[in-house]
Amino acid sequence: IQKALDAAVIAPNSSNLQAWDFFWVKSSENKNKLVAACLFQGTARTANHLVVAVSRVDTWKRNRDIVTKQIAGHGELPKDLHTYYYKIIPMLYVQDPFGILGVLKWILLTGIGFFRPIARGPLFKKDLFEVVTKSAALACENFMLAIAAQGYASCPMEGFDEVRVKTILGLGRSAHVVMVISVGVADPAGIFGPQYRVDPKLVIHEI
């Protein structure tokens, strides 16, 4: 598990802000609560371990300062990176309770977009959660591949009661539970049936 978590946290992520948390649920009490919050799914009940991946919108400033300090440790922080991390990132990531900043950002970015290509967001909190959740999902894939590389099995779950999971983990509104990942020794008989997929021609396109 630890090797796989080490692989997870070096996954590609948006602006290297690493806006995720991973919770390795070890105590029997918390694991039992989490199994219930995962609706008693077989893949949760039979797992040796459960790991919860969480995306965050409240840790970007802390992580930005850590990363830029590391970069500056190899010399002065380049001017373009300083502008990006201390002007552009705050403009995109700072939110207000009423979404007024999002509207102002939409007006500004849409106006600029008439004249040149530009990133159109994130604008609102939901957009920001989408950005950090993509990064967390990439880290989850790293985690699961590292589990498989060691000869074990994993299964990502989206079927859970997020309110209860967040209560177990002590999380608030600035966190979003991306998935719960079960880890253990695969049952040779398998829990589910064969893998079924649509024709790749329906989902892979060349333009």
Side-chain angles (χ1 to χ4, degrees), residues 4-24 51-146 156 158 160 162-181:
L5 289 170
D6 291 342
V9 297
I10 60 171
N13 63 97
S14 181
S15 298
N16 202 21
L17 293 175
Q18 303 166 52
W20 53 51
D21 282 339
F22 288 87
F23 293 84
W24 182 1
V51 174
V52 185
V54 174
S55 58
R56 310 288 305 232
V57 295
D58 58 344
T59 58
W60 65 269
K61 189 179 293 185
R62 178 201 67 186
N63 294 357
R64 174 202 62 185
D65 292 344
I66 292 171
V67 169
T68 54
K69 185 176 180 180
Q70 290 175 355
I71 296 171
H74 298 283
E76 187 177 355
L77 186 67
K79 185 177 180 181
D80 58 340
L81 282 182
H82 189 278
T83 299
Y84 181 74
Y85 278 113
Y86 288 92
K87 292 184 179 180
I88 296 175
I89 286 295
M91 183 189 76
L92 295 175
Y93 275 60
V94 170
Q95 303 289 323
D96 69 281
F98 305 104
I100 296 172
L101 286 175
V103 174
L104 295 176
K105 285 186 278 188
W106 179 84
I107 293 171
L108 174 63
L109 296 176
T110 301
I112 296 174
F114 279 118
F115 304 99
R116 62 180 177 87
I118 188 171
R120 307 294 180 111
L123 300 175
F124 303 98
K125 190 174 184 179
K126 65 178 181 62
D127 304 321
L128 187 55
F129 263 123
E130 182 177 350
V131 171
V132 297
T133 297
K134 288 177 184 178
S135 291
L138 288 171
C140 290
E141 183 74 359
N142 266 29
F143 176 83
M144 294 176 66
L145 289 172
E158 287 189 300
F160 51 79
E162 184 174 15
V163 172
R164 283 180 167 78
V165 174
K166 290 173 74 170
T167 299
I168 295 167
L169 303 180
L171 299 172
R173 293 184 177 182
S174 296
H176 171 63
V177 180
V178 178
M179 63 184 78
V180 180
I181 304 175

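Residues: numbered from 1 along the sequence shown.
At a threshold of 4.5 Å between non-hydrogen side-chain atoms, the residues L109 and L123 count as touching. Counting heavy atoms from C-beta outward, I168 and F23 have side chains that stay 4.5 Å or more apart. Side-chain contact between Q18 and N16 is present, with at least one heavy-atom pair separated by less than 4.5 Å. A 4.5 Å side-chain heavy-atom check between Q95 and L101 finds every atom pair outside the cut-off.
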Check step by step if side chain to side chain contact (heavy atoms under 4.5 Å, CB included) holds for L171 and R56. CA-CA 10 Å; L171 299 172; R56 310 288 305 232; 3.6 Å; yes
Evaluate the criterion side chain to side chain contact (heavy atoms under 4.5 Å, CB included) for residue pair F160 and V52; output intermediate values, then yes/no. CA-CA 11 Å; F160 51 79; V52 185; over 6 Å; no
Show the numbers, then the answer: is there a side chain to side chain contact (heavy atoms under 4.5 Å, CB included) between D21 and L169? CA-CA 11 Å; D21 282 339; L169 303 180; over 6 Å; no
Pair V177-K166, side chain to side chain contact (heavy atoms under 4.5 Å, CB included): steps then yes or no: CA-CA 7 Å; V177 180; K166 290 173 74 170; 3.6 Å; yes
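Taking each heavy atom of T133 and S55 in turn, the nearest pair found is OG1-OG, 3.0 Å. A8 and F22 get closest at one heavy-atom pair: CB-CZ, 4.0 Å. Shown here for T59 and A19, the closest heavy-atom pair between the two residues is OG1-CA, 4.0 Å. Shown here for S15 and I89, the closest heavy-atom pair between the two residues is OG-CD1, 3.6 Å. What you find for A175 and E162 is that their closest heavy atoms are O-OE2, 4.5 Å. Closest non-hydrogen pair, A53 versus C140, comes out as CB-SG, 3.3 Å.
K105 places no side-chain N or O within donor-acceptor distance of the main-chain N or O of G121, the cut-off being under 3.5 Å. In this structure, the side chain of T68 engages the main chain of D65 through a donor-acceptor pair within 3.5 Å. The closest donor-acceptor contact from the side chain of N63 to the backbone of V67 lies at 3.5 Å or more, if one exists at all. Looking only at distances, a side-chain donor or acceptor of S135 sits under 3.5 Å from a matching main-chain atom of S14.
Atoms CG and CZ, from L81 and R64 in turn, are 12.5 Å apart once rounded to the nearest 0.5 Å. F124 contributes atom CZ, which lies 9.5 Å from atom CG of D96 (distance to the nearest 0.5 angstrom). The line from CG of N13 to CD1 of I10 is 11.0 Å long, rounded to the nearest 0.5 Å. To the nearest 0.5 Å, atoms CD1 (I66) and CG (L17) are separated by 11.0 Å.
Sorted by first then second residue, the salt bridge (Lys or Arg N to Asp or Glu O under 4.0 Å) pairs that include residues 124-137, not counting sequence neighbours, are E130-K134. Annotation: ring-ring contact (aromatic ring centres under 6.0 Å, His included) contacts involving residues 81-112, sequence neighbours excluded, comprise W60-Y93, H82-Y86.
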